[in-house]
Protein chains: 2
Amino acid sequence: MAEAPGSLVWSLPEPPGGQQPNLSRDRIVRAALKIADAEGAPAATMRRVATALGSSTPMSLYRYVGSKDGLVDLMLDAACGEVSTPAPSGDWRADLRALALANWDMMQRHQWFAELVHTRPPLGPNALRLTDYGLGALSFLDPATAMTYLGMVNSLTIGTALQLAEELKMRRRVGLPTDDDLRAAVKPIHDEIVATGRYPNYNRWAADGGRFHNAAGFPLMLDILLDGLAARMP
Amino acid sequence: MAEAPGSLVWSLPEPPGGQQPNLSRDRIVRAALKIADAEGAPAATMRRVATALGSSTPMSLYRYVGSKDGLVDLMLDAACGEVSTPAPSGDWRADLRALALANWDMMQRHQWFAELVHTRPPLGPNALRLTDYGLGALSFLDPATAMTYLGMVNSLTIGTALQLAEELKMRRRVGLPTDDDLRAAVKPIHDEIVATGRYPNYNRWAADGGRFHNAAGFPLMLDILLDGLAARMP
DNA sequence: TACAGTGAGTGTACGTTGTACACGCGTCGG
DNA sequence: CCGACGCGTGTACAACGTACACTCACTGTA
């Protein structure tokens with residue numbers, strides 16, 4: 001899992017198998033995405049991916065992805081590759097909004113993304129393309145400020161996606177229940193908390209249904225943040 | 001690592017050792033915090049904590065914390081316990097701002113917090129106290145909206161802390177270099193990216209020093225977000 | 001004083017993870 | 001025809017979380 005600083009996957013080029021290889025970066029990453037999409041990030045182990053590709057041993061993958069971290073890097077960047085960056089419109093707010101919404105959509109398709117993206121800096125070509133696009137929309141600011149503002153938008157997007165991912169994880173832990181099943185599973189914990197009576201505001205929220213805006217409300221949250229940014233623009 | 005849904009640490013009370021125990025939840029959590037503070041979250045393994053307490057086997061801890069997840073829960077909540085919640089002032093913005101800044105200070109002391117908090121919902125007594133306080137500041141809103149806004153503030157705080165924690169992790173991977181050493185270590189990667197010339201805005205940022213506002217700039221970012229929230233208040 | 005009971009900590013063992021290393025098979029260039 | 005090299009396999013190891021059975025030492029009761 002450890003890795004020398006200069007040895008990111010992007011440094012070592014894909015070994016472009018001269019003879020007929022059964023494997024390739026693309027096939028490996030695709031298989032890993034499929035597993036992670038279906039069963040969550042921790043299910044995408046080296047062994048699991050290898051067997052999904054017909055290889056009897058995880059070691060086959062190491063020629064192509066270098067390490068587990070390398071595979072994760074490639075997975076993250078592949079997901080970023082699904083986010084398109086249309087031509088800049090000249091309206092920073094519209095461009096940033098579109099970028100965030102596209103990112104959000106991608107994270108809904110790949111619920112593991114938000115969990116994994118924190119493990120290392122986003123230096124893949126697609127991640128860089130997105131960062132570059134975001135910085136370009138804010139290029140009238142000094143670079144450090146532009147990066148700061150872009151980071152705020154990303155924090156909001158990833159943070160909100162994480163809350164949803166956590167709910168999904170809990171759901172997986174319980175089984176695969178419906179919304180009502182889930183509520184029933186979490187109820188004893190909440191009830192115990194409510195019973196103490198020590199958290200009146202939390203209780204009020206729980207009594208209200210324990211809901212917060214997430215999927216549906218993300219555009220609204222994004223607009224609120226953009227309002228705050230707009231007020232600071234020169 | 002798996003856990004039945006109803007068996008959070010908070011459910012099973014601390015076994016209040018009738019006879020003289022060498023161990024206790026408090027001592028265990030305190031030792032784990034110390035290790036995590038000094039060497040990062042992954043260093044705080046069960047074995048490591050056990051030996052730090054003089055126990056020859058990790059199994060000693062299981063009576064007190066139930067599982068590794070239980071220990072993490074307790075660590076997170078202990079960290080939350082360091083954040084104080086003064087009497088509400090009646091000014092939602094001042095209260096929320098103070099809460100976020102206190103949270104931020106805590107996350108600077110415990111850089112592992114932001115990494116670990118995503119692994120499970122914050123249901124410890126101290127985390128609930130903080131959530132309750134934040135909801136109280138926004139109690140003039142309907143509960144779901146209040147939770148949404150509070151979540152935005154927390155996303156920003158944790159997300160920003162995560163960026164710093166990631167830099168720290170990279171620093172640890174390289175050794176324990178100074179700021180200049182770090183810049184030198186990351187330079188080859190950045191140079192390779194810059195050399196492609198494909199990311200002009202990113203390059204401009206890198207040429208500018210590759211900086212973004214984090215520790216120093218967090219209050220500013222927080223104010224921007226609060227501006228956006230204020231514009232939506234009834 | 002004797003004895004059962006309980007509670008604290010130990011030791012051993014298992015399954016799973018990532019991955020290092022050495023080996024066999026195949027195809028190609030000389 | 002034959003060595004070299006690309007490609008995948010098999011075996012093995014350390015570290016992780018943790019289940020299970022166990023040994024002490026102390027305590028309350030008879």
Side-chain angles (χ1 to χ4, degrees), chain A residues 1-4 7 9 12-28 31-32 35-36 39-75 112 115-116 119-120 173, chain B residues 1-4 7 9 12-28 31-32 35-36 39-75 112 115-116 119-120 173:
Chain A
M1 208 76 159
E3 195 170 349
S7 68
V9 215
L12 40 120
E14 154 142 33
Q19 302 169 207
Q20 62 280 20
N22 283 339
L23 268 32
S24 72
R25 264 193 194 175
D26 201 63
R27 289 196 53 197
I28 292 171
I35 293 171
E39 301 173 45
T45 80
M46 298 300 271
R47 282 172 173 81
R48 194 92 166 55
V49 174
T51 60
L53 288 168
S55 274
S56 67
T57 154
M59 294 316 291
S60 335
L61 314 180
Y62 277 80
R63 188 186 323 282
Y64 297 92
V65 300
S67 70
K68 175 66 184 292
D69 280 348
L71 176 56
V72 171
D73 274 333
L74 291 168
M75 290 172 67
W112 44 267
E115 290 179 69
L116 258 37
T119 60
R120 48 209 308 97
R173 214 177 296 157
Chain B
M1 208 81 158
E3 196 170 349
S7 69
V9 214
L12 40 120
E14 153 143 34
Q19 302 167 207
Q20 62 277 25
N22 283 339
L23 267 32
S24 72
R25 266 196 194 171
D26 200 63
R27 288 196 54 197
I28 292 171
I35 293 171
E39 301 173 46
T45 80
M46 298 300 272
R47 283 173 171 81
R48 195 92 165 56
V49 174
T51 60
L53 288 168
S55 274
S56 67
T57 155
M59 293 317 290
S60 334
L61 314 179
Y62 278 79
R63 185 184 328 280
Y64 296 92
V65 300
S67 71
K68 176 66 185 292
D69 280 349
L71 176 56
V72 171
D73 275 333
L74 291 167
M75 289 171 68
W112 44 266
E115 290 178 71
L116 258 36
T119 60
R120 49 208 309 97
R173 215 178 295 156

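Within every chain, numbering begins at 1; the chains are lettered A, B, ... in the order of the sequence lines, protein sequences first and strands thereafter. We use all heavy atoms of the structure for the numbers below, so side chains are in, but hydrogens, waters and symmetry mates are not. Not measured: the values here are computed from a predicted model.
- As a whole-Å value, the separation of K68(B) NZ from dT16(C) P is 19 Å.
- Going from atom CE of M59(A) over to atom C1' of dG24(C) covers 16 Å, rounded to whole Å.
- Using a 4.0 Å cut-off, no side-chain N or O of S60(A) falls inside it from OP1 or OP2 of dC7(D).
- The side chain of S55(A) lies closest to dT9(D) when the candidates are dG18(C), dT12(C), dT9(D).
- The side chain of T45(A) approaches dT17(C) more closely than any other nucleotide in the set dC16(D), dT17(C), dT19(C).
- What separates CG of L53(A) from C1' of dT9(D) is a distance of 15 Å, to the nearest Å.
- The interatomic distance linking L61(B) (CG) with dC16(D) (C1') rounds to 14 Å, in whole Å.
- Rounded to whole Å, the distance from CZ on R48(B) to C1' on dA14(D) is 16 Å.
- Of the listed nucleotides (dT18(D), dC7(D), dT19(C)), dT18(D) has the atom at the smallest distance from the side chain of S67(B).
- Between Y62(A) atom OH and dT9(D) atom C1' there is a gap of 15 Å when expressed in whole angstrom units.
- As rounded to whole Å, 12 Å separates atom C1' of dC22(D) from atom CZ of R63(B).
- Side-chain proximity of R47(A) to dA12(D), dG17(D), dG11(C): nearest is dA12(D).
- Minimum heavy-atom separation, A41(B) to W112(B): CB-CB, 3.7 Å.
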